[in-house]
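Beneath this line is the structure, given in structure tokens, with notes to follow.
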Amino acid sequence: MLRLVFAGLLMLVASLSPAAWQPATGCDLLIAGGRIVDGTGAPWFAGDVCIVGERVAAVGRGMTSAARRRVDASGLVVAPGFIDMLGQSEYWVLRDNRVASKIMQGITTELTGEASFSSAAHANARRLHPFAAMFDREKVPGWDNLAGYLRVLDRQPATINLGTFISAGGVRDSVIGREDRAASPAELEEMEAQVADAMEAGAFGLSTSLQYVPDRFARTEELVRLARVAGRFGGSYITHQRSEADEIDASLDEVFRIAREANVPATIHHLKTAYKQNWGRMPAVLQRLEQARQEGIDVAADQYPYIAGSNPLDASLPVWAREGGRDAMVKRLIDPATRAKIKAEILQPATTWENQYLGSGGAAGILVSAVGRSELKQYQGQTLDDIANAEQKDPLDVLIDIIANDDTTGSGIMFFMDEGDMRAALKHPLVMMGTDSGGMAPDSPAPTAGVHPRAWGSAARILGKYVREERLLPLEEAVRKMTSLPAQRMRLWDRGVVRPGAFADLVAFDPATIRDRATFELPRQYAEGIRYVAVNGQLVVDGGQITAARPGRALRGPGRK
């Protein structure tokens, strides 16, 4: 308690005269002589950061106070730890609490919980997860609801802070299953109750992944009702919208309607204009976001700085083929007549579903990135076209066979975006960063062999390629978009900035050398240039090396009781 009072006094005094004031009792950690980019977008300034306990005690110049540990930050940029708006590490933090690919690019906080198949927040979440059998074998702890999951995180802390949304698709899955129909009044009331319970437990709001089953089966009215519940607790709505391609305008209409009618802030995940026929549309999409804000709708977006996405391979199947869960899907895939029908539909352009096979330009544009079964590992790192040519098979049969034979349905990297569109979004002031990937290390337990480079290098790529090399946006603005902007939208008022009283989530990096090294062919490579990372006042990266500290917290949202 005394330490917290002391930190508050430091905040007051430092704000009055930060250059001259010296901490009377010293610092637990002093980061000295750095170029401070404080996260607000203001120009950098030279200074020192004194940390006492979990928080920043003072920011000033020329501090000479005693410190238990002094870090020389000469030549380095000192910034708030980066916030990943779509982290996907819910389960991976319990398998490998280093979360190494994140902290080695300066990420200290994740928000997660996008999809029903990855969320940990809803009832039966762990049981319904595609990797549930693997979690059982590894003795990953179980839980019944979000409160239980957060208690597990409290007992098994990681290097990063992690907060989650409650997945509308996960709630639907636990109440209705994977049927394409509207919720009954009784079912909708049960879903609303589950959202309320999650918000009271600490969810940050409601999430949807409307391109995928079962989220896609939700009607807009259902989502308005659930988002309204989240809004009562101070939460927001965050979405992988229904279309990122041909129907993107109608999809944006739905996002704006939900935000307006539920009276909640809305954030669009991994903003993109996908498929070649839609390349060049990003400026118009960004203009629509700006217009919505002018109309009083609080909307923003996040993205990753790469031109390929990554999704389960079954995302290339028609929606009806995925209805009813995995067992029902596999029965359809192995039935010759139904398989023929599925293949025919995949080859036909459609506006009723997101056809990622055609959108990626066919088999040559989809790379198999991860599979579960050992006998299929040979396909990792190859495109469907490569495999089809080697085995003299129809590429669609290759796709369907992998999905049917792999107990995880497999994951793919889909090349369907344009660099110009990605750059337009990257420099826009409303667009934050989200890796859309879980954190891992090169030696993490399988499955880790094939992943997207965004898991390893998103923040470093922005700062190295797009800030230093291409000067697409200023350093201070890039840092703001990865720190204070997401913190403000998530109501994390004491994170995302370098100022007295804030939690000491900090990164010190070399602006001359920071870069991403991960590639699509060799993704499991740490970023370069990150020298020090502190989470809640403790160094998790020290001199470029991961430490034994695990100071991360389970973050709880504004509605927590």
Side-chain angles (χ1 to χ4, degrees), residues 85-86 90 111-125 128 144-147 149-150 163-243 250-269 292 297-300 489-491 556-561:
M85 282 293 290
L86 179 52
E90 299 100 313
L111 279 302
T112 188
E114 173 203 12
S116 61
F117 53 79
S118 63
S119 172
H122 61 88
N124 299 316
L128 293 170
D144 297 322
N145 50 29
L146 178 57
Y149 171 72
L150 294 174
T164 187
F165 281 69
I166 174 69
S167 162
V171 169
R172 170 174 258 268
D173 202 2
S174 66
V175 173
I176 299 174
R178 303 197 168 192
E179 300 177 40
D180 186 1
R181 63 173 177 82
S184 70
E187 288 168 338
L188 189 51
E189 287 183 6
E190 171 58 23
M191 293 162 67
E192 288 177 313
Q194 285 196 21
V195 172
D197 287 344
M199 292 302 299
E200 290 183 344
F204 281 79
L206 182 78
S207 67
T208 57
S209 191
L210 297 175
Q211 190 171 326
Y212 306 110
V213 171
D215 301 51
R216 191 166 188 89
F217 300 150
R219 280 54 171 174
T220 305
E221 294 76 13
E222 174 183 315
L223 300 176
V224 170
R225 289 273 298 268
L226 299 183
R228 193 173 288 145
V229 174
R232 290 206 309 263
F233 294 89
S236 62
Y237 174 65
I238 199 161
T239 181
H240 175 144
Q241 58 179 325
R242 206 172 289 268
S243 175
S251 183
L252 289 170
D253 289 340
E254 182 181 47
V255 175
F256 301 153
R257 177 187 168 188
I258 292 168
R260 181 176 58 251
E261 294 186 12
N263 192 28
V264 292
T267 301
I268 297 171
H269 273 325
I297 300 171
D298 184 359
V299 64
R489 293 196 66 78
M490 295 297 101
R491 300 190 178 188
R556 290 163 169 88
R560 181 204 180 185
K561 276 193 174 180

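Basis for what follows: all heavy atoms, side chains included, without hydrogens, waters or symmetry-related copies. Numbers for residues simply follow the sequence, beginning at 1. Treat the numbers as computed from the prediction; the structure is a model and nothing was measured.
- Taking all atoms of both residues into account, the shortest heavy-atom contact from Gly177 to Pro214 is O-CB, 4.1 Å.
- To the nearest 0.5 Å, atoms NE2 (His269) and OG1 (Thr267) are separated by 7.5 Å.
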Could you go step by step and tell me if His240 and Tyr212 meet the side chain to side chain contact (heavy atoms under 4.5 Å, CB included) rule?
-> CA-CA 9 Å; His240 175 144; Tyr212 306 110; 3.3 Å; yes

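- Arg219 CZ: more than 12 foreign heavy atoms inside a 6.0 Å radius.
- For the atom pair CD (Glu179) and CG (Asp173), the distance works out to 10.5 Å, reported to the nearest 0.5 Å.
- Summarising the geometry of Ala292 relative to Val299, their closest heavy-atom pair is CB-CG1, 4.0 Å, with the distance given to 0.1 Å.
- Contact of the Arg489 side chain with the Pro265 side chain is registered, since non-hydrogen atoms from C-beta on lie closer than 4.5 Å.
- Here the CG-OG distance, from Leu146 to Ser167, works out to 12.0 Å after rounding to the nearest 0.5 Å.
- Here CD of Glu114 is found 11.0 Å from OG1 of Thr164. Values are rounded to the nearest 0.5 Å.
- The shortest non-hydrogen separation linking Ala201 to Ala147 is CB-N, 3.7 Å.
- Remark: the Thr208 side chain and the Thr239 side chain contain an N/O donor-acceptor pair separated by less than 3.5 Å.
- Contact annotation: the side chain of Arg232 never approaches that of Met199 to less than 4.5 Å [non-hydrogen atoms, C-beta and beyond].
- Taking the side chain as every heavy atom from C-beta outward, Leu226 and Met191 approach each other to under 4.5 Å.
- A pairwise comparison of heavy atoms in Glu254 and Leu223 identifies OE2-CD1, 4.3 Å as the closest pair.
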Using the side chain to side chain contact (heavy atoms under 4.5 Å, CB included) rule, take Ile238 and Phe204 through it: C-alpha gap first, then chi angles, then the decisive distance, then the call.
-> CA-CA 10 Å; Ile238 199 161; Phe204 281 79; over 6 Å; no

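- Side-chain contact, Glu90 with Thr112: a donor N or O sits under 3.5 Å from an acceptor N or O.
- Checked against Ile166 for a side-chain contact (heavy atoms from CB on, under 4.5 Å), the options Val229, Asn145, Val171 give a single hit: Val171.
- Atom-to-atom distance recorded for Phe165:CZ and Leu86:CG is 10.0 Å, nearest 0.5 angstrom.
- Residue pairs meeting the side-chain hydrogen bond (donor to acceptor under 3.5 Å, both in side chains) criterion with at least one partner in residues 186-195, sequence neighbours excluded, are Ser174-Gln194, Arg181-Glu187, Ser184-Glu187, Glu190-Gln194, Glu192-Arg225.
- Taking each heavy atom of Arg178 and Phe217 in turn, the nearest pair found is O-CE1, 3.5 Å.
- One distance of note links CG of Asp215 with CZ of Arg172; it measures 9.0 Å at 0.5 Å rounding.
- At least one donor-acceptor pair under 3.5 Å links the side chain of Arg216 to the backbone N or O of Leu210.
- The shortest heavy-atom contact between Ala227 and Leu206 is N-CD2, 3.5 Å.
- Listed by first and then second residue, the salt bridge (Lys or Arg N to Asp or Glu O under 4.0 Å) pairs that reach into residues 258-267 are Arg257-Glu261, sequence neighbours excluded.
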